[in-house]
Colleague: 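First, the structure itself, so that you have it in front of you.
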Amino acid sequence: MPVEVEPLASFNFREMGGWYLLTNDWGQHAMLETAQFKRFMAGSLSKEDPLLETLENRGFLRHRMDFGALATSYVRKNSFQWIQGPSLHMMVVTLRCNQKCQYCHSSVVDPSRTDTDMDLETAKKTVDFIFSTPNPTICIEFQGGEPLLNWPVVKFVVQYARAKAKATKRKLILALVSNFTLMTDDKMEFLFDNHVSFCTSLDGPPELHNKNRPYLGGGEAQQKVVAWLEKLQKMCMEDEERKYYLPGALMTTTKFSFDYPKEIVDLYLKLNMEQIFVRALSPIGYAKRVWPEIGYTADQFVAFYETMLDYVLALNKKGKSKIMERMALICLTKILKGVDPGFMDLRSPAGAVLGCLAYNFNGEIFVSDEGRMVDHQGDPMFRVGNATKDQWTDVLDHPTSRAMVSASTLDNQPMCTQCAYKPYCGAEPVFHYEMQRSIVGQMPNSPWCVSHMGIFDVIFRKLRDPENRKVFESWLERDQCRWEENDPIPAGASRAEEAV
Amino acid sequence: MLNWLLIKERKFSIRIPVPKKITTPKPSAASISFDLSVPANGLEPILGAAYLMMDRAFVSLDGDRAKKIAVTLTPKAGATAARLKELSAAFTAELATQKVRWAIAKNNQPIREYISEQAVLLANGRIPPASAAAPEPASEQLNDEQRAEIEKLIAEVEDEIKSMNASKSVPDPKNIKASWEEKQEAKLKGGKS
């Protein structure tokens with residue numbers, strides 16, 4: 001193919017099978033038929049060709065570039081780069097859990113191990129540390145273990161953080177990630193009254209959920225989750241003030257999920273869930289050890305993802321439901337809106353430290369929750385401080401923090417820097433450390449890369465269909481995601497509204 | 001036999017040879033090796049193509065990075081003659097694409113740096129956003145000369161429209177084409193008379 005370099009501005013491209021995808025650093029994209037791509041590359045687009053204007057406007061031709069507009073587009077697309085500190089703070093108030101999940105994503109311990117509960121003094125110092133970080137928006141997410149096993153500390157942190165936010169005039173978002181097995185009406189009322197949003201795990205129908213997530217407390221976990229989701233939904237819908245606190249649910253894909261794509265979506269429909277988030281399982285922590293029993297290849301996950309997305313789109317097109325798929329929504333927000341939806345994994349540099357921090361029950365600070373899981377397996381690689389004694393600047397300046405930023409900047413990755421999905425994607429150092437013993441990773445061999453490129457392939461191919469595009473655009477309009485430029489809220493994990 | 005990939009850089013054109021076959025492959029039991037000229041192919045494209053082969057092969061590079069590099073590809077899934085040939089072809093294709101990608105990247109480096117710099121300044125409030133960078137002047141801000149020029153242009157356009165309307169031969173018994181102002185003027189004239 002003849003190439004005339006002179007008229008070409010900086011861009012990456014990908015052959016998509018009969019057409020080409022072009023993207024550039026400024027967040028613009030174009031989908032060209034092969035013949036059009038060849039004309040573009042050869043510099044033989046005529047002045048009358050309507051493609052010329054499109055490519056000019058999107059910054060693909062260097063003889064006519066609007067530098068100011070492209071710089072503005074870049075700023076909007078990477079709004080997270082201009083913020084001075086993390087917005088998402090994950091507090092692990094206990095490692096105890098009353099479920100024994102197959103993938104045990106959070107590296108938990110037996111319910112009897114109260115020595116892994118965060119005490120009030122550590123909780124106070126952790127909140128103080130969180131408020132010493134400079135981001136004007138603070139989102140505290142309670143994680144575990146099962147956070148409701150240490151309810152007094154959850155309650156204390158909610159009240160103390162609200163008081164601190166009021167005193168310091170900061171925006172505070174609170175979110176509880178719970179399996180709901182220990183939820184009570186009193187706890188629910190307290191959480192509603194204090195503007196804490198709810199998020200849980202729902203892997204699918206009982207036979208799947210209970211297999212993935214066995215419950216130690218007697219009875220079936222799935223029925224408890226479903227009952228509380230129904231109750232919370234009802235309460236939110238009946239009360240105008242609570243309608244923004246509709247509970248969210250996350251599904252984790254194991255290889256057992258592959259047998260239930262429609263049943264999983266149908267359950268989310270039955271529960272009137274606004275979104276379903278089809279998430280891959282990461283072979284991190286305990287999940288790494290049991291990967292042969294529950295894991296799968298990245299290609300298998302992408303095929304499953306497409307099956308799920310196809311079903312969701314079909315329901316939308318037939319008018320049977322307006323349910324949205326969260327991963328697609330995150331990607332589409334970047335692709336079609338040109339803004340960052342606040343999803344920590346798909347950023348360059350990644351969200352670790354700059355976007356989020358995780359706090360263990362003993363005050364130890366990690367670059368992310370995945371980093372904490374690695375620590376739980378005996379490797380302190382991703383520990384960057386302790387909230388009881390260190391300053392925010394110590395954490396930011398920690399050699400591990402610097403290495404995380406460098407390793408996850410896509411322009412430093414030989415393959416990523418040339419990838420058409422660079423404007424939308426991210427590299428996860430903890431994942432690659434666990435898989436390849438390198439925080440930088442080797443992208444040609446990375447399941448992370450295969451699965452994310454696969455998902456972007458699926459979404460871009462579907463965008464070519466006008467009916468799919470119509471559905472996608474309607475999702476963007478309805479999106480309840482709390483992101484705003486310079487005000488990122490983590491998508492998916494939290495659905496909290498401004499609380500103070 | 002060589003194909004030629006024409007790459008034109010800023011003020012001159014250069015012709016970079018893209019070999020159909022990368023010299024003569026020397027298949028052995030386990031791997032395939034060949035030499036690549038660095039001046040002809042560029043160091044970055046060779047390294048880039050080697051990196052991209054890592055999912056399929058173990059790649060060994062040796063030689064003088066300014067002159068000639070020996071590439072050895074050892075397939076991960078067991079070496080057969082067909083697989084070695086496939087690897088060689090895949091490397092050739094990757095190398096050709098890498099040359100294009102690197103040529104585009106190098107040619108645009110100053111522009112990328114400039115826009116990135118503008119983005120940093122913009123994000124830090126050091127320069128105004130694009131929409132406010134060159135605001136449209138409001139009418140109050142026009143000087144007399146500009147105002148006279150605009151009035152002259154408006155008058156010209158109005159005359160042009162009038163003459164176009166007059167030249168149209170479509171019947172208009174109810175005077176639909178006349179503007180509101182024209183109708184009012186006609187009414188006033190009618191009243192006076």
Colleague: Heavy atoms, side chains only, cut-off 4.5 Å: are F67(A) and I111(B) in contact?
Modeller: yes
Colleague: How close do L8(A) and I104(B) get, counting heavy atoms only, and between which atoms?
Modeller: CD1-CD1, 3.8 Å
Colleague: Indicate the atoms forming the closest heavy-atom contact of M54(B) with N445(A), along with that distance.
Modeller: O-OD1, 3.2 Å
Colleague: Check this for me: K76(B), atom NZ, are more than 12 non-hydrogen atoms of other residues, nucleotides or ligands nearer than 6.0 Å?
Modeller: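 Count over threshold, so yes.
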Colleague: Against chain A, label A105(B) side chain, backbone, both or neither, depending on which of its atoms sit under 4.5 Å from a heavy atom there.
Modeller: neither
Colleague: For each of M53(B), E44(B), R112(B), E117(B), tally heavy-atom pairs with chain A at distances under 4.5 Å, and name the one with the top tally.
Modeller: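 When all of M53(B), E44(B), R112(B), E117(B) are compared, R112(B) has the most.
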Colleague: Which atom names give the shortest non-hydrogen contact between Y51(B) and Q442(A), and what distance separates them?
Modeller: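 The answer is OH-CA, 3.8 Å.
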Colleague: If you count heavy atoms of other groups shown closer than 6.0 angstrom to NZ of K288(A), is the number above 12?
Modeller: yes
Colleague: Is it the case that R101(B) places NZ or CZ above or below the six-membered ring of F11(A), under 6.0 angstrom from the centre and within 45 degrees of the axis?
Modeller: no
Colleague: In the structure I gave you, are the side-chain heavy atoms of M41(A) and V100(B) within less than 4.5 Å of one another anywhere?
Modeller: yes
Colleague: Need one label for M443(A): side chain, backbone, both or neither, based on atoms under 4.5 Å from any heavy atom in chain B.
Modeller: both
Colleague: Could you measure the distance from the CG atom of N107(B) to the OG atom of S10(A)? Nearest 0.5 Å is fine.
Modeller: 10.0 Å
Colleague: To the closest 0.5 Å, what do you measure between CD (E15(A)) and OG1 (T97(B))?
Modeller: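 Here the interatomic distance stands at 10.0 Å.
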Colleague: Taking C-beta and beyond as the side chain, do I115(B) and M65(A) meet within less than 4.5 Å on heavy atoms?
Modeller: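 Yes, side chains in contact.
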Colleague: A quick test of your reading: do over 12 heavy atoms of other residues, nucleotides or ligands sit less than 6.0 Å from CZ of R126(B)?
Modeller: no
